[in-house]
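See structure below.
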Amino acid sequence: MDDVSPGDVSPLLDDLNPAQREAVSAPQGNMLVLAGAGSGKTRVLVHRIAWLMQVERLSPYAILAVTFTNKAAREMRTRLEALLGLSLRNIWVGTFHSIAHRLLRTHWQDARLPQHFQIIDSDDQLRLVKRLLKDHGIDDERYPPRQVQYFISGCKEEGLRPHQVQTHGDAYLGQMVELYERYQLTCERGGLVDFGELLLRSLELLRDNPRLLAHYRERFAHLLVDEFQDTNTLQYAWLKLLAGEQAGVTVVGDDDQSIYGWRGARVENIRRFEQEFKNTHTVRLEQNYRSTSAILDAANALISHNAGRMGKELWTAGVKGEPISVYAGFNDLDEARFIVDTIREKVDEGFHRREIAILYRSNAQSRVLEETLIRQGMPYRIYGGQRFYERLEIKNALAYLRLLLNRDDDASLERVINVPARGIGTRTVEILRERARSQGVSLWQALHDSVGDGTCKGRAGNALSAFANLIERLDNDTAGLRLHEIITHVNEISGLIDHHRNEKGEKGQARVENLEELVNAARAFTQGETPLMQEAGEGAAALEPFLAEAALNAGDHEADEFEDCVQLMTLHSAKGLEFPVVFIAGVEEGLFPHKMSMEEPGRLEEERRLCYVGVTRAMHKLYLTYAELRRLHGKETFQRASRFLRELPEELLEEVRLRGQISRPVTAARSSRGLAQQESVTAGDGLPTLSLGQRVSHPLFGEGVILNAEGQGERARVQVSFEGEGDKWLVLGFAKLTPL
DNA sequence: ACCACGGCAATTTTT
DNA sequence: TTGCCGTGGT
């Protein structure tokens with residue numbers, strides 16, 4: 001083909017705004033795209049790739065695009081294919097982990113891994129750690145398994161192997177490092193690779209194999225990374241190593257939406273990128289296509305309270321829109337009732353339920369909301385929650401499957417050696433563990449040795465032999481079967497199905513259904529929509545990729561998407577989504593910002609970013625609600641409005657109350673039981689005894705002094721001078737005033 | 001092997 | 001308040 005000038009591919013740039021165009025058509029080289037919420041980030045990424053292919057003449061083979069979630073990777077691929085109108089087999093689009101996995105699978109020998117290494121998830125990892133602690137008789141009070149796990153993952157994320165960790169003679173740290181070392185040894189022996197290991201191992205693979213590194217550097221002319229603000233130290237190092245001096249790198253991110261610092265994400269990678277990658281071109285996408293300007297103004301004002309930002313101000317060519325509604329419930333039930341009532345109104349106005357989302361800071365908040373939704377017969381769906389492949393029954397089934405592939409997988413063996421119960425008690429398992437440890441062999445080997453030399457005989461010995469025979473039998477039986485048939489067989493013969501069928505309650509039923517669903521998933525898997533399946537056949541060869549898929553892609557809980565449901569989720573899981581109508585519930589000090597994050601300025605800023613993320617999810621209408629009295633950990637707690645509310649410009653806010661109803665008069669004595677039960681109270685009984693000069697507190701305006709008063713009962717009005725807010729007249733029946 | 005009880009803590013979550 | 005964990009009883 002002849003040279004293509006930009007004019008010939010203008011369709012690619014046609015529907016883009018100037019900033020997007022700049023980002024898409026920038027010459028190859030390093031680029032940082034600061035993409036605000038709703039600014040068409042994915043669009044730019046996808047168009048950029050198309051541009052690189054069509055104008056810069058890069059082969060899809062030379063492009064690597066990295067995301068954080070499988071969902072994002074899928075979406076990117078789909079949209080790219082739609083844009084180009086062709087199917088792209090040999091372009092690498094995937095998560096950090098799936099790409100690392102791919103490298104390790106291809107170069108398992110160079111990576112010093114067994115060919116059939118298995119991926120373990122954090123749940124398996126935790127089990128492994130617990131076992132380790134027990135084996136070594138280490139006090140799990142001083143070394144809580146979670147902390148140990150956190151330590152190990154943390155080290156890996158920083159790229160540190162045990163011998164590289166500086167203990168400075170600290171005994172506690174020393175113990176941690178030793179545990180890390182033991183843990184790693186166990187993984188090596190069982191051919192197990194955890195999530196952090198995938199990344200670290202592939203980094204080492206490239207670092208220690210100059211020829212491999214040269215190969216991939218030559219191959220990938222351009223690397224693209226999405227959600228760059230979420231990268232951790234290891235991912236940054238990985239990217240830098242792979243890019244080398246030659247490749248062009250495009251990273252897209254938003255420092256204002258960095259909400260995963262607590263799990264190792266380093267926002268500062270954005271600045272580091274600008275400094276360490278040569279001649280970085282920075283583009284800001286600030287035009288927003290999602291929200292009304294009222295919502296964007298609120299978001300801008302809120303986030304301006306953070307220091308050290310890269311700087312970005314969202315704007316829209318669209319309408320001002322409705323003000324942001326703030327509702328102060330007198331308790332959490334009242335808050336929930338307000339939300340559900342309002343949703344009903346919105347639905348009557350013509351919104352679909354699925355267009356409405358309720359966001360909250362912590363999962364515990366969902367309960368009251370759910371109860372209210374159920375009571376009012378409003379269909380809803382909770383986003384998040386337990387994933388399919390993380391369910392107990394599924395993990396058990398997968399453990400059997402893993403044993404078929406690899407008898408030395410101790411974690412799996414231990415998981416199912418006595419599930420369903422077959423008379424192998426903790427004592428027996430302990431003996432096996434002891435032996436495995438002292439002789440440095442796997443549990444499977446220890447089992448055989450113990451039965452062989454009579455260490456375990458009688459009842460226990462028989463049970464152990466029976467288990468070993470079961471595994472061998474399953475292996476033999478399933479030879480030549482297709483993947484889903486293998487799983488059906490294993491579910492049946494292992495006794496898992498019966499085990500759950502006999503479980504009392506509806507739980508067992510659900511578990512049996514899940515096991516059946518696993519078979520369906522396997523069938524779908526072999527029918528090959530998943531990338532991992534390309535080469536594998538339908539039978540046992542598909543087992544390994546299927547297990548990897550299960551660990552890496554823990555199952556999207558996006559079922560029932562067709563049902564028209566109100567969407568409930570945490571603010572974290574809302575990132576990346578948008579809804580016409582958004583409620584943010586529990587906007588209270590201590591809850592949001594969460595009390596665990598209020599002390600350190602850095603963490604508080606992350607809370608604020610989380611709020612920013614929440615606000616920018618809303619397209620047309622945003623509601624912020626809070627409760628003055630909330631049941632927390634079984635105790636009624638007085639709550640104050642969140643500081644974030646006060647950081648929003650007042651002229652964008654509108655205080656709402658239920659039509660014509662007084663939700664609560666200002667009562668001096670609040671009997672918690674009474675309040676929780678009463679839906680509405682007529683003002684008059686139990687108004688606070690307020691007097692001129694008295695100090696009062698208002699949830700939104702803070703503290704002030706009563707200057708003046710007029711009227712009586714619920715209509716009574718008082719003039720209050722608030723610190724920093726000026727004088728205001730407030731109706732006693734409406735304003736939530738608390739005497740101090 | 002299984003269940004019932006008491007003590008205890010209690011963000012956020014992807015891979 | 002819930003839910004997890006370890007303990008002790010059957």
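Within every chain, numbering begins at 1; the chains are lettered A, B, ... in the order of the sequence lines, protein sequences first and strands thereafter.
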If only side-chain N and O atoms of [X] are considered, is one of them under 4.0 Å from the OP1 or OP2 phosphate oxygen of [N]?
X      : N      : answer
A/T570 : B/dT13 : yes
A/N418 : B/dA1  : yes
A/S573 : B/dT13 : yes

For atom [atom1] of [X] and atom [atom2] of [N], their distance in whole Å:
X      : N      : atom1 : atom2 : value
A/Y389 : B/dT14 : OH    : C1'   : 17 Å
A/D124 : B/dT15 : CG    : C1'   : 13 Å
A/K575 : B/dT14 : NZ    : C1'   : 10 Å
A/R74  : B/dT15 : CZ    : C1'   : 13 Å
A/N553 : B/dT15 : CG    : C1'   : 9 Å
A/Y383 : B/dT14 : OH    : P     : 10 Å
A/L203 : B/dT15 : CG    : P     : 21 Å
A/Y260 : B/dT15 : OH    : C1'   : 12 Å

Base B/dT15 paired with A/S122 side chain (donor-acceptor, <3.5 Å): yes

Pairwise C1' distance, C/dG3 and B/dT14 [rounded to whole Å]: 23 Å

Verify stack between A/W262 ring and B/dT12 base, 5.5 Å, 30 degrees: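 Per 5.5 Å and 30° rule: yes, stacked.
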
Partners of [X] by side chain to side chain contact (heavy atoms under 4.5 Å, CB included), sequence neighbours excluded?
X      : answer
A/E370 : A/S366, A/Y380, A/I382, A/L568
A/T233 : A/E158, A/R266
A/A397 : A/N491, A/L496, A/L515, A/L518

By the 4.0 Å heavy-atom rule, please label [X] as base, sugar-phosphate, or nothing.
X      : result
A/N363 : sugar-phosphate
A/Q235 : nothing
A/F96  : nothing
A/G196 : nothing

Which residues share a ring pair (Phe, Tyr, Trp, His ring centres under 6.0 Å) with A/F644, sequence neighbours left out: A/F592

Closest to the A/R263 side chain, choosing from B/dT14, B/dT15, B/dC2: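 Taking heavy atoms from C-beta onward, the closest nucleotide is B/dT14.
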
Minimum-distance nucleotide to A/H572 side chain [options: B/dT14, B/dT12, B/dT15]: B/dT12

Salt bridge (Lys or Arg N to Asp or Glu O under 4.0 Å) partners of A/R77, counting only residues at least two apart: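 Partners of A/R77 under the salt bridge (Lys or Arg N to Asp or Glu O under 4.0 Å) test: none.
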
Cation-pi, A/Y612 ring and A/R609 (6.0 angstrom, 45 degrees): no

Cationic N near anionic O, under 4.0 Å, A/E588 to A/R640: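 A/R640 and A/E588: not salt-bridged.
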
Aromatic plane relationship, A/F228 with A/Y236 - under 30° parallel, 30 to 60° tilted, over 60° perpendicular: tilted

Contact letters for nucleotides 1-10 of chain C, in which S counts primed atoms plus P, OP1 and OP2 and B counts the base, heavy atoms under 4.0 Å: BS--S-----

Nearest-nucleotide 5' precedence on DNA chain B, A/T426 against A/M596: A/T426

